[in-house]
Visitor: 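The structure follows.
For the numbers below, each heavy atom of this structure counts, side chains included, while hydrogens, waters and symmetry mates do not. Below, chains carry the letters A, B, ... as their sequence lines are ordered, and counting in each starts from 1. Here the structure is a predicted model, which is why all the values come from computation and not from measurement.
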2 protein chains.
Amino acid sequence: MRRTRFDDAPCPIARTVDLIGDWWTPIVLREAFRGRRRFDEFQQALSLSRSVLTQRLARLVDEGLLVRRLYEERPPRHEYVLTEKGRAFYPVLAAMWRWGSDWLWEEGSEPPVELYDRESGRPVRPRLVDENTGKPIDVREVRVGARREA
Amino acid sequence: MRRTRFDDAPCPIARTVDLIGDWWTPIVLREAFRGRRRFDEFQQALSLSRSVLTQRLARLVDEGLLVRRLYEERPPRHEYVLTEKGRAFYPVLAAMWRWGSDWLWEEGSEPPVELYDRESGRPVRPRLVDENTGKPIDVREVRVGARREA
DNA sequence: CTCACTGAGTTCGATCGTCGAACCCAATGA
DNA sequence: TCATTGGGTTCGACGATCGAACTCAGTGAG
């Protein structure tokens, strides 16, 4: 049986999951944010099979998160660079980073990978707030719905 | 070949992806945040196969995002309820929601599912900021590293 | 007492996705 | 001429996902 698709679901979460809901795609994106661009850079950094990497990059290019760009004529060499849409995805990874580092580490085994402000060098702790009010988003204070009811 | 596991990777993103990096787990969590608790509630809402739902719920219970609780003695009935760890996952879904609604919708076809503040009824737009400074997180201003270098 | 029904799963076989290894090809450099 | 490198594609084995069918305990109707 084929995988159930969510790409036309009415829910933005479902559509997003359809796109990145596998084990490699988010990691490939993470590497893109780290500045990797070339096929072999990705492949060596992640040690995933070439066929899977090819598929993931193609999907990301297809969906407009990456562009495949010729950066050398002879011999022809390509690189995969984040688009605006791709860069906009960063908060999702940052939210995962935050949750993972808060909840998936045993005491005493600090996560070796952290985020720092490039300028100040100080650690950055991503947190989700409401853009309008600036207040942190608490599950119990948010309602999901098709439209405002009252 | 077995799927490559990331659950002991040094990167919080990788570990998080190992846990929720499939198509159903994030959607099951979304439904949990919507207040679903019983097996059949999930199954009917998502129309996924029972076997997959069983596996997903078991994994989420295993990892401590949900608890399986007896809420009725005779006949014995169970429900799956979010734990603190599970509730803490909300920002990841909210970030996906935001990105999906910003980037995966054509003009003119508004996402029918939105987020509202329970009290004010006003729409909520999740945004990621640095907890320390309150500044929005921009990719180019954040560096990933094992430890601070200077 | 029997039958149908419900909640909560497990089992089954088919199909799809993932994996590493091997192969391919063009351009370059020794 | 031959090996190497970048950037893939092809292949076959195996693991994951699917819907459908089955299970089992309790319950309520007749």
Visitor: Whole angstroms only, please: what is the CG-P distance between A/Asp18 and D/dT17?
Guide: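 Taking CG of A/Asp18 and P of D/dT17, I get 14 Å after rounding.
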Visitor: If I take atom CD1 in residue B/Ile27 and atom C1' in nucleotide D/dT17, what distance separates them, rounded to the nearest angstrom?
Guide: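 Rounded to the whole Å, the gap is 15 Å.
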Visitor: Is any side-chain N of the basic residue among A/Arg68 and A/Asp62 closer than 4.0 Å to the acidic one's carboxylate O?
Guide: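 A salt bridge is absent here (no side-chain N lies under 4.0 Å from a carboxylate O).
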Visitor: Can any side-chain N or O of B/Thr83 pair as donor or acceptor with the backbone N or O of B/Leu65 at less than 3.5 Å?
Guide: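 Yes, B/Thr83 side chain to B/Leu65 backbone: donor-acceptor pair under 3.5 Å.
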Visitor: Check whether B/Arg15 reaches the backbone of A/Leu104 with its side chain - one donor and one acceptor, N or O, closer than 3.5 Å.
Guide: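 At least one qualifying donor-acceptor pair exists.
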Visitor: Can you figure out which of C/dG20, C/dA8, D/dT5 approaches the side chain of A/Arg77 most closely?
Guide: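 The answer is D/dT5, which lies nearest to the side chain.
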Visitor: Ignoring hydrogens, what is the shortest heavy-atom contact between B/Leu46 and B/Val28? Give both atom names and the distance.
Guide: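 Shortest heavy-atom contact: CD1-CG2, 3.9 Å.
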Visitor: What's the CD-P distance between B/Gln55 and D/dG15, to the nearest Å?
Guide: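 Computing the B/Gln55:CD to D/dG15:P distance gives 14 Å.
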Visitor: Give the rounded distance in Å between these two atoms: CD of B/Glu79 and C1' of C/dT6.
Guide: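 My rounded result for the distance is 17 Å.
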Visitor: To the nearest angstrom, how far is A/Arg5 atom CZ from D/dT17 atom P?
Guide: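 Roughly 14 Å, once rounded to whole Å.
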Visitor: Report the nucleotide, chosen from D/dG8, D/dG7, C/dA21, that has the shortest atom-to-atom distance to any side-chain atom of A/Tyr71.
Guide: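 Nearest to the side-chain atoms of A/Tyr71, counting from C-beta on, is D/dG7.
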Visitor: Under 4.0 Å, heavy atom to any atom of DNA chain D: which of residues 38-50 of chain A qualify?
Guide: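 By residue number: A/Arg38, A/Phe39, A/Asp40, A/Arg50.
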Visitor: Please determine, for the side chain of A/Ser51, which listed nucleotide (C/dT18, C/dG20, C/dT10) has the closest atom?
Guide: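 It is C/dG20.
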Visitor: Is the distance between the ring centroids of A/Tyr90 and B/Trp99 under 6.0 Å?
Guide: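 For A/Tyr90 and B/Trp99, the ring centres are not under 6.0 Å apart.
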Visitor: If I take atom CH2 in residue A/Trp24 and atom P in nucleotide D/dA16, what distance separates them, rounded to the nearest angstrom?
Guide: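 Roughly 15 Å, once rounded to whole Å.
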Visitor: Roughly, in whole Å, what's the span from CH2 in B/Trp23 to P in C/dG17?
Guide: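 One finds 8 Å between P of C/dG17 and CH2 of B/Trp23, rounded.
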Visitor: Take the protein atom CG of B/Leu53 and the nucleotide atom P of C/dT10, then report the distance between them rounded to whole Å.
Guide: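 Result: 10 Å.
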Visitor: List the steps and the verdict of salt bridge (charged side-chain N to carboxylate O under 4.0 Å, His left out) for B/Glu41 and B/Arg36.
Guide: CA-CA 6 Å; B/Glu41 270 184 336; B/Arg36 315 247 186 228; 5.5 Å; no
Visitor: Any donor-acceptor pair under 3.5 Å linking the side-chain atoms of A/Tyr80 with those of A/Arg37?
Guide: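 Short answer, no.
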